[in-house]
Amino acid sequence: MFARLNELMIFSKTLTHWYSNNKRNLPWRETNNPYYIWLSEIILQQTQVKQGLPYYDAFVTKYPTVFDLAKANESDVLKLWQGLGYYSRARNLHATAKHVAKALKGKFPNNHKDLLKLKGVGDYTASAVASICFNEVAAVVDGNVYRVLSRYFGIDTPINSSKGAKEFKLLAQELIDKQYPAEFNQAIMEFGATQCKPKNPYCHICPFNQGCIALNTNRISELPVKIKSAKAKKKHFNFLVFISEDEKTILQKREGKGIWQSLYQFPLIETDKNMDAESFKKHIENEDLLKDVSFDLSLYNKDVIVHKLSHQHLYTKFWILNVNRLTVEGISTRDIRNYAVPILIGNFIESFNFQ
DNA sequence: AAGCCGGGGCT
DNA sequence: AGCCCAGGCTT
């Protein structure tokens, strides 16, 4: 019993000592302001620091306070979020900013239980904000924590099972430094991110290389254990890039439930197989957008573009349609960069070099 | 409990 | 081309 307590104590002290010597200088570590901490935590969900950092800087610059973010239009928030993915984060971010600004008069909840009620805030984010901003003893369990704990303690319960979630949360809550919860939480995540990495961790210089069960039983590459997810489905996307004689094109807002909700795209024709020019021309002849329109069809990308999402692979072709007129309003091609689009579309827009 | 929601990186 | 990453929400 005392040996166990002692071991946990040594783990925590070693970890926070490592952190004090190895932590990166990051802008959200200069503040305890809940708005900035919350913003950084939403951005960093499923996202590495390297990718999220420029977005954090952009949001802080454009929206210095929660009131500024609350006043923005959702389309502007999505535009600033463009390329970061998981766009429900941006929609929830904006909705929560409005809620905090209005209903809570700009004051973020100051505890885990109430933070959990905010849209887009789950157990991880509530724990992070509660500990970092308010010193609440709430252990964070993110992917880094799963990795560090499963390796050091040799736990092979799948981390993406409900049993694993409970088990690791309980262990983290047991380990957390009750005096310095903010320091401990950030230390274990930083340690997982930069030292106990998924591939090729620096075990030879690791302060835990005596006690780490995974290392001492040669199971570093096997831990943490994760239940495999289903393979991605293949889809065939054909985008219609209209270009009219008066330099206009068509963008449509994605509505409903699926991917890229509320982002813009060129009119999309999904087919059940890869299309060549001849059969595709036949395929689209009866489209409403082409009714009584004389058009010239050409394929922009010779090789199909494979855009990989976590659960579907999009085999994509951009079809250029030079038309005499548009049958719907359309937008000037000069304004095309004002719309929030998926990175797949954004890359095409840059490459095509719209005037 | 299982599936959905991006995009980047590595091999 | 295939695999890894992994928080929150919906079903």
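Just so we're clear, the structure is a prediction, and the values are computed from it rather than from any experiment. The basis for the numbers below is simple: all heavy atoms, side chains too, and nothing from hydrogens, waters or symmetry mates. Below, chain A is the first sequence line, B the second, and so on; all start at residue 1.
- Residue A/Tyr87 has its side chain nearest to B/dG7 when only B/dC5, B/dG7, C/dA1 are considered.
- The side chain of A/Lys226 has C/dA6 as its nearest neighbour among B/dG8, C/dA6, C/dG7.
- Candidate nucleotides C/dG8, B/dC4, B/dG9 were compared by shortest atom distance to the side chain of A/His311, and B/dC4 ranks first.
- What separates CD of A/Gln48 from P of B/dG9 is a distance of 8 Å, to the nearest Å.
- Put simply, the side chain of A/Gln195 gets close to the backbone of A/Tyr202: a donor and an acceptor are under 3.5 Å apart.
- Using C1' as the reference atom, B/dG8 and C/dC9 are 23 Å apart when rounded to the nearest Å.
- In summary, the side chains of A/Asn73 and A/His94 do not present any donor paired with an acceptor at a separation below 3.5 Å, with no hydrogens or angles considered.
- A/Lys234 comes within 4.0 angstrom of no nucleic acid atom, judged by non-hydrogen atoms across all strands.
- A/Asn324 places a side-chain N or O within donor-acceptor distance of the main-chain N or O of A/Ser294, the cut-off being under 3.5 Å.
- When rounded to the nearest whole Å, the span between CG of A/Leu309 and C1' of C/dC4 equals 15 Å.
- Straight-line distance between the C1' atoms of C/dG8 and B/dG9: roughly 23 Å, to the nearest whole Å.
- Distances were taken from every side-chain heavy atom of A/Pro198 (C-beta onward) to each of C/dC5, C/dA1, B/dG6; the shortest belongs to C/dC5.
- A/Asp156 contributes no side-chain N or O that, together with a main-chain N or O of A/Glu222, makes up a donor-acceptor pair within less than 3.5 Å.
- Set against C/dG7, B/dG7, C/dA1, the side chain of A/Tyr124 has C/dG7 as its closest nucleotide.
- Remark: P of B/dC4 and NZ of A/Lys231 are 15 Å apart, rounded to the nearest angstrom.
- Looking only at atom types and distance, the side chain of A/Tyr124 has a donor-acceptor partner in the side chain of A/Glu41 under 3.5 Å away.
- Heavy-atom contacts from other residues, nucleotides or ligands closer than 6.0 Å to NZ of A/Lys228 number 12 or fewer.
- Distances from the side chain of A/Asp142 to the nucleotides C/dA6, C/dG7, B/dC5 place C/dG7 closest.
- Protein atom CH2 of A/Trp260 is 9 Å distant from nucleotide atom C1' of B/dG6, rounded to whole Å.
- Straight-line distance from the NZ atom of A/Lys228 to the P atom of C/dA6: 14 Å, rounded to whole Å.
- Taking the side chain of A/Asn92 as heavy atoms from C-beta on, and the options B/dG6, C/dC9, B/dG7, the nearest nucleotide is C/dC9.
- Straight-line distance from the NZ atom of A/Lys199 to the C1' atom of B/dG8: 15 Å, rounded to whole Å.
- Heavy atoms of A/Arg91 sit nowhere under 4.0 angstrom from any nucleic acid atom.
- When the nucleotides C/dC4, C/dG7, B/dG7 are ranked by their closest atom to the side chain of A/Tyr86, C/dG7 comes out on top.
- If you check every strand for non-hydrogen atoms under 4.0 Å, A/His313 touches nothing.
- Nearer to the 5' terminus of DNA chain C, by closest-nucleotide assignment, is the contact made by A/Asn144 (compared with the other of A/Lys257 and A/Asn144).
- Side-chain atoms of A/Gln46 come within donor-acceptor range of the base of C/dG7, with a qualifying N/O pair under 3.5 Å.
- Mapping A/Ile227 and A/Leu84 onto DNA chain B by nearest heavy atom places A/Ile227 at the nucleotide closer to the 5' end.
- The residue A/Asp123 sits close only to the backbone: its heavy atoms come under 4.0 Å of sugar-phosphate atoms, none of a base.
- Not one side-chain nitrogen or oxygen of A/Ser310 sits closer than 4.0 Å to the OP1 or OP2 atom of C/dC5.
- Side-chain to base pairing of A/Lys308 with C/dG2: one donor and one acceptor N or O lie within less than 3.5 Å of each other.
- Nucleic acid contact class of A/Gln261 (heavy atoms, under 4.0 Å, all strands): none.
- Nucleic acid contact class of A/Ser88 (heavy atoms, under 4.0 Å, all strands): none.
- Taking only side-chain nitrogens and oxygens, A/Gln51 never comes nearer than 4.0 Å to OP1 or OP2 of C/dC5.
- If you take CD of A/Glu222 and C1' of C/dC3, they are 17 Å apart, rounded to a whole angstrom.
- Across all strands, A/Ser161 comes closer than 4.0 Å to no nucleic acid atom at all (heavy-atom distances).
- Distance A/His307 NE2 to B/dG6 C1': 6 Å, rounded to the nearest Å.
- The side chain of A/Val306 has C/dA1 as its nearest neighbour among B/dG7, C/dG7, C/dA1.
- Between the side chain of A/Ser12 and the main chain of A/Leu175, a donor-acceptor pair closer than 3.5 Å is present.
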